[in-house]
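Take a look at this one; I'll ask things after.
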There are 2 protein chains.
Amino acid sequence: MSPNEEIAASRKEQILQSAAALFASQGFYKTTTAHVAEAVGVTQPYVFHFFKSKEQLYLAVLEKAFDRMMNQFFTVNAPPDQLSTEMGRQFELLLQSHRNEMLLLMQSFTTPEPAVRNFVKEKYSFAYDRLVERFVKAGVPNPQWQASMFISLGLIGTLAEVLELPKLAPWCDSE
Amino acid sequence: MSPNEEIAASRKEQILQSAAALFASQGFYKTTTAHVAEAVGVTQPYVFHFFKSKEQLYLAVLEKAFDRMMNQFFTVNAPPDQLSTEMGRQFELLLQSHRNEMLLLMQSFTTPEPAVRNFVKEKYSFAYDRLVERFVKAGVPNPQWQASMFISLGLIGTLAEVLELPKLAPWCDSE
DNA sequence: ACTCATTTATTTATCAATAAATAAAGTTAT
DNA sequence: ATAACTTTATTTATTGATAAATAAATGAGT
């Protein structure tokens with residue numbers, strides 16, 4: 001990899017990172033490609049050198065976030081009776097280390113672009129299935145219910161963070 | 001000429017209703033004032049005769065939805081041990097009778113307009129406080145936890161509806 | 001009953017701003 | 001010199017919002 005390519009690669013990473021922060025706090029529509037470019041320190045059209053559209057950029061950010069989350073969950077190895085709790089702890093760690101990505105993930109289901117909807121639907125479906133599978137293998141009772149509850153805790157944690165109302169989810173109070 | 005029944009219903013009400021449907025399915029940004037006008041059958045600038053901005057229209061829709069929900073909850077009178085379950089049932093009824101308003105309510109926390117954020121924060125805070133109060137008065141153990149769980153069930157129900165993934169919340173499968 | 005005046009309802013025309021996307025040119029490193 | 005990197009300039013489309021005009025209804029005085 002030549003130095004130029006390294007720079008380009010890092011630019012792409014920088015764009016993904018800045019985009020994650022902006023999309024998480026401003027949402028898809030209020031975040032402009034110019035904002036992303038400015039945050040990185042490049043010009044707006046240059047963003048299109050790496051991503052063929054704003055939507056593709058958004059999807060790339062989401063995919064990265066999803067992969068990170070799934071990795072974190074499925075590297076956990078805890079006894080069945082502590083599995084749910086331990087995975088919850090892992091999510092809280094992610095919420096500290098990659099707050100933007102996680103908040104974005106949990107809000108992404110409200111972005112009404114059809115391509116985004118399909119993508120998010122697929123990912124949530126996949127995540128749910130793997131959670132159930134995990135609980136089943138661990139012999140936990142009511143695996144489907146456990147999986148649903150796990151996701152819903154992520155949702156209300158995000159709600160609490162976004163609205164800055166820690167009382168709504170005191171158990172993941174980070175400040 | 002005798003007044004057409006459709007026109008007889010207040011235009012403002014019609015606008016609020018169409019806006020609720022559009023905002024719920026398309027979100028704040030993708031819903032244009034022209035879409036709302038078209039759905040009602042009036043011209044786009046006429047919407048501004050009733051609401052001084054698109055944001056005010058959105059807030060008006062939210063307020064109406066929120067008031068309806070709080071009313072439904074607080075006209076319930078059930079024995080303490082069935083309070084949470086009964087209010088859940090009431091929410092499911094609302095989800096059938098006023099689906100758009102309820103889905104909108106549960107997604108509104110992701111709209112990044114500052115005025116919307118403040119409004120939604122206030123309303124969620126108020127709703128949570130009144131839920132806790134209700135559970136406390138009924139002598140239910142862990143009233144805060146109960147209130148949080150109640151809201152989080154609404155969230156995952158909405159997620160399931162929006163993504164059309166009933167398996168995520170089978171207990172409120174409506175189709 | 002009929003006109004005139006006033007309010008209410010709604011439209012046409014248009015502005016000003018924003019933002020995504022393209023193309024072409026310039027820069028830098030090897 | 002060439003290929004990768006990055007910018008400038010521009011286009012095209014959309015949309016929230018305003019102003020002014022038109023039409024329909026209401027009501028008072030005659």
Side-chain angles (χ1 to χ4, degrees), chain A residues 1-62 111-117 119, chain B residues 1-23 25-62 108 111-117 119:
Chain A
M1 184 184 281
S2 80
N4 273 345
E5 281 168 350
E6 268 182 73
I7 290 168
S10 80
R11 281 284 195 237
K12 190 169 179 178
E13 278 308 306
Q14 286 178 282
I15 289 172
L16 283 167
Q17 199 175 323
S18 291
L22 288 165
F23 283 140
S25 68
Q26 302 290 332
F28 179 75
Y29 298 101
K30 223 186 172 191
T31 299
T32 70
T33 56
H35 290 152
V36 174
E38 193 191 4
V40 172
V42 297
T43 57
Q44 177 259 332
Y46 194 38
V47 173
F48 289 83
H49 183 254
F50 300 99
F51 302 94
K52 85 162 194 272
S53 69
K54 180 183 168 181
E55 190 176 87
Q56 285 302 310
L57 169 58
Y58 188 74
L59 291 176
V61 173
L62 278 184
T111 301
E113 296 297 319
V116 174
R117 274 284 151 83
F119 183 90
Chain B
M1 68 177 70
S2 73
N4 184 326
E5 279 163 50
E6 258 185 315
I7 293 171
S10 146
R11 277 275 136 98
K12 192 170 178 178
E13 278 308 309
Q14 287 180 281
I15 289 172
L16 283 168
Q17 199 176 322
S18 290
L22 288 165
F23 282 140
S25 68
Q26 301 290 332
F28 178 75
Y29 297 101
K30 225 189 169 188
T31 299
T32 69
T33 57
H35 290 152
V36 174
E38 193 190 5
V40 172
V42 297
T43 57
Q44 177 261 331
Y46 194 38
V47 173
F48 289 85
H49 183 254
F50 299 99
F51 302 94
K52 86 162 194 272
S53 68
K54 180 181 166 181
E55 189 176 88
Q56 285 302 310
L57 168 59
Y58 189 73
L59 291 177
V61 174
L62 278 185
S108 60
T111 302
E113 296 297 318
V116 174
R117 274 284 151 84
F119 183 89

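Protein chains get the first letters and strands the later ones, always in sequence-line order, with residue 1 at the start of each.
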**Item:** Which nucleotide in dT11(C), dT7(D), dT18(D) has an atom nearest any side-chain atom of P45(B)
**Value:**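 Nearest listed nucleotide: dT18(D).
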**Message:** For E55(A) and Q44(B), find the nucleotide of DNA chain C closest to each by heavy atoms; which residue's nucleotide sits nearer the 5' end?
**Reply:** Q44(B)
**Asked** Considering only side-chain heavy atoms of F48(A), which listed nucleotide, dA20(C), dG16(D), dT6(D), is closest?
**Response**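 The listed nucleotide nearest to F48(A)'s side chain is dA20(C).
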**Request:** Compare all side-chain heavy atoms of F23(B) with those of L57(B) and state whether any distance is below 4.5 angstrom.
**Result:**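 In short, these two side chains touch, coming nearer than 4.5 Å.
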**Message:** Quick one, L16(A) and F51(A) - any side-chain contact, counting heavy atoms below 4.5 Å?
**Reply:** yes
**Request:** Check the distance between dT15(D)'s P and Y46(B)'s OH and give it to me in whole angstrom.
**Result:**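 After rounding, the gap between these two atoms is 23 Å.
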**Request:** Would you check if Y29(A) and E113(A) make a side-chain contact, meaning some heavy-atom pair closer than 4.5 Å?
**Result:** yes
**Prompt:** Less than 4.5 Å apart, any side-chain heavy atom of I15(A) and any of Y46(A)?
**Reply:**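 Not in contact.
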**Asked** Starting at NE2 of H49(A) and ending at C1' of dA4(D), how long is that distance when rounded to a whole Å?
**Response** 8 Å
**Request:** May I have all residue pairs that pass side-chain hydrogen bond (donor to acceptor under 3.5 Å, both in side chains) and include part of residues 51-62 of chain B, sequence neighbours excluded?
**Result:**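 Those involving residues 51-62 of chain B are Y58(B)-T111(B).
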**Prompt:** Atom CD of E38(B) to atom P of dT10(C): distance rounded to whole Å?
**Reply:** 17 Å
**Asked** Closest to the T43(A) side chain: dT10(C), dT8(D), dA17(D)?
**Response** dT8(D)
**Request:** In whole angstrom, give the distance that lies between atom NZ of K12(A) and atom C1' of dC5(D).
**Result:**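 Interatomic distance, NZ of K12(A) to C1' of dC5(D): 15 Å.
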**Prompt:** Any side-chain N or O of R11(B) under 4.0 Å from OP1/OP2 of dA9(C)?
**Reply:** no
**Complete:** Closest to the side chain of T32(A), out of dT10(C), dT6(D), dA20(C), is dA20(C)
**Asked** Tell me: CG of L57(B) to P of dT15(D), nearest whole Å?
**Response** 16 Å
**Asked** In residues 15-28 of chain A, what residues come within less than 4.0 Å of DNA chain C, judged by heavy atoms?
**Response** none
**Asked** What's the shortest heavy-atom distance between Q26(B) and K30(B), and which atoms?
**Response** O-CB, 3.2 Å
**Request:** Quickly work out the Y29(B) OH to dA20(C) P distance and round it to whole Å.
**Result:** 13 Å
**Prompt:** Nearest-Å distance, CD (Q56(A)) to P (dA21(C))?
**Reply:** 10 Å
**Prompt:** Considering all heavy atoms of both residues, which atom of A19(A) and which atom of V61(A) are nearest to each other, and what is their separation?
**Reply:** CB-CG2, 3.9 Å
**Between dA9(C) (P) and F51(B) (CZ): distance, integer Å** = 14 Å
